[in-house]
Amino acid sequence: MILEQFNKTFESKARLGIMSVLMVNESVNFNSLKELLNLTDGNLATHVKALEEAGYLLVQKEFIGRKPNTLYSVTVDGRKAFEQHLSVLEQFIKNS
């Protein structure tokens with residue numbers, strides 16, 4: 001069954017949004033992701049941590065002046081997994 005091929009990591013609307021934004025941008029900082037996706041700090045932090053633990057996101061922390069800045073980008077494995085997930089989703093839609 002095609003539903004079994006869905007990547008459970010991307011089942012959340014927030015994670016789909018995070019990956020979608022990062023697939024078309026080289027990197028995006030925490031505050032920009034939070035604003036684009038209308039998420040709270042805690043909600044975004046939880047979802048990016050799950051994506052990072054899955055090996056799909058690279059997290060870079062730096063300081064700009066005295067302010068911390070966290071940048072996120074998609075890993076090669078993350079790009080591949082998300083593209084595969086989207087492909088399965090397209091197949092599901094076409095066959096429905």
Side-chain angles (χ1 to χ4, degrees):
M1 181 172 212
I2 202 161
L3 289 177
E4 294 168 353
Q5 296 176 26
F6 280 114
N7 186 324
K8 292 189 183 294
T9 306
F10 304 126
E11 284 182 349
S12 158
K13 178 177 123 176
R15 291 181 196 168
L16 276 173
I18 292 165
M19 290 299 293
S20 296
V21 170
L22 293 175
M23 291 291 285
V24 296
N25 292 283
E26 187 175 325
S27 64
V28 179
N29 70 33
F30 185 89
N31 287 330
S32 295
L33 269 178
K34 184 175 81 167
E35 289 174 21
L36 280 169
L37 301 173
N38 197 29
L39 298 171
T40 64
D41 286 2
N43 200 355
L44 179 57
T46 298
H47 289 293
V48 294
K49 182 175 180 166
L51 291 167
E52 180 186 15
E53 288 175 352
Y56 296 158
L57 289 187
L58 178 64
V59 180
Q60 295 174 286
K61 295 185 181 236
E62 62 184 10
F63 281 88
I64 299 177
R66 293 181 159 209
K67 293 185 176 186
N69 187 46
T70 304
L71 288 174
Y72 302 98
S73 56
V74 177
T75 64
V76 172
D77 288 343
R79 184 171 297 279
K80 182 179 174 184
F82 194 67
E83 287 171 348
Q84 187 174 14
H85 180 75
L86 292 179
S87 177
V88 171
L89 183 59
E90 285 176 20
Q91 289 175 5
F92 177 74
I93 291 169
K94 287 179 184 175
N95 294 330
S96 293

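When a residue number appears, it is its place in the shown sequence, counting from 1. Only a predicted model underlies this, so the values are computations on that prediction, with no experimental measurement involved.
- Side-chain contact between F63 and N69 is absent, with no heavy-atom pair separated by less than 4.5 Å.
- Taking all atoms of both residues into account, the shortest heavy-atom contact from A14 to H47 is CB-CD2, 3.5 Å.
- Side-chain atoms of V74 and L58, non-hydrogen and from C-beta on, never get closer than 4.5 Å to each other.
- Heavy atoms of other residues, nucleotides or ligands lying less than 6.0 angstrom from CD of E26 number 12 at most.
- Residues forming a side-chain contact (heavy atoms from CB on, under 4.5 Å) with D77 (at least two apart in sequence, or on another chain): T75.
- Contacts of Y72 classified as ring pair (Phe, Tyr, Trp, His ring centres under 6.0 Å), with partners at least two apart in sequence or in another chain: none.
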* Just do the side-chain contact (heavy atoms from CB on, under 4.5 Å) check on V59 and L71 with the steps written out, would you? => CA-CA 6 Å; V59 180; L71 288 174; over 6 Å; no
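- Looking at N7, its side chain does come within 3.5 Å of a backbone N or O of T9 through a donor-acceptor pair.
- Side chains of N43 and T46: no donor on one and acceptor on the other come within 3.5 Å.
- Ring centers of F82 and Y56: at least 6.0 Å apart, outside the cut-off.
- For the pair L37/I18, a side-chain contact is recorded, criterion being any heavy-atom separation below 4.5 Å from C-beta on.
- Atom CD of E83 has more than 12 heavy atoms from other residues, nucleotides or ligands within 6.0 Å.
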